[in-house]
Amino acid sequence: MLNRYAKIEEKLKREIVLLKGRPCFWGKCAFCDYIEDNIKDEDEAARQNRNVLQNVTGEFGVLECINSGNVFELPEQTKIDIRNLIHEKNIHTLVFEAHYIFKHRLDEIREFFGCEVLFKTGIESFDYDFRENVLNKNAKFTDVKEVSDYFDSACLMVGIKGQTREMIERDIEIGLSNFMWITINIFINNSTSIKRDEELVRWFIDKHYDLKDNPKVEMLIQNTDLGVG
Ligand code: SF4
């Protein structure tokens, strides 16, 4: 059973829920097997999401909603439920995830909810070749401004075979200087053919573990470290 509700009590203090939505429009990132948590039956998804949302207290005024995909894949009813909830619980800020491709549609979400909305996006790496040709991310930008002009936070992946120490250090530097905060995910082997580079992970933890104390960094050593998943 996945845990679908948690509180994050440091840095950007918030509640977080892992909701259900339609499968990701892209679904082809080489390292991703999130599809296992998606459902096509929107009514069923909305019903399950309502149960999860019942846990939200609003105590931090900030709620992050993730759904193994993009905010655009949440059932319409769930979006309405979240909108009601933010009024009921005095939530002033929502955090969602969206793929780079949606950068011109983020205002739709801001308008719908009528509150502050922060967007995270999975960039994984700023190295174009690695991101596109190994990870198949479909985020075809060359200048970080094409991302940071739209999104508040970038998620980076660390510890994949094919990545180098230099790439990782550069990614973190770019991330820290262009975004409000970054999420560093240490890659965990899953059902895809992308493999973790144990040596690279050891090096990273050895050399850069103190990044976890950086106020602009959330580091996920296990992919459940935010308390959900
Ligand atoms: S955009 Fe996200 S959910 Fe979609 S395939 Fe890529 S990693 Fe998976």
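Counting starts at 1 for both ligands and their atoms, in listed order. Along the sequence shown, residues are numbered consecutively beginning with 1.
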In this structure, are over 12 heavy atoms from other groups packed under 6.0 Å from Y209 atom OH?
no
Taking non-hydrogen atoms only, is K137 closer than 4.0 angstrom to ligand 1 via side chain, backbone, both or neither?
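It is the side chain that gets close, since no backbone atom is under 4.0 Å.
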Please work out whether any backbone atom (N, CA, C, O) or any side-chain heavy atom from C-beta onward of F31 is under 4.0 Å from ligand 1, and answer side chain, backbone, both or neither.
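Side chain only.
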Between [Y] and [X], is the closest basic N to carboxylate O distance under 4.0 Å?
X: K79; Y: E108; value: no
X: E146; Y: K140; value: no
X: D41; Y: R47; value: no

Would you mind running through ligand 1 and noting each atom that sits below 4.0 Å from a heavy atom of [X]?
X: K28; answer: 5 (S)
X: G27; answer: 4 (Fe), 5 (S)
X: C29; answer: 1 (S), 5 (S), 6 (Fe), 7 (S)
X: H99; answer: 1 (S)

For atom 8 (Fe) of ligand 1, what's the nearest protein heavy-atom neighbour? Residue, atom name and distance, please.
C32 SG, 2.3 Å
Are a donor atom and an acceptor atom from the side chains of S68 and N38 found within less than 3.5 Å of each other?
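Judged by distance alone, the side chains do not pair up.
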Is the gap between the ring centers of F113 and F96 under 6.0 Å?
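Between F96 and F113, which both carry aromatic rings, the centre distance is below 6.0 Å.
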Using a cut-off of strictly less than 2.8 Å, determine whether C24 has an N/O/S atom near atom 8 (Fe) of ligand 1.
no
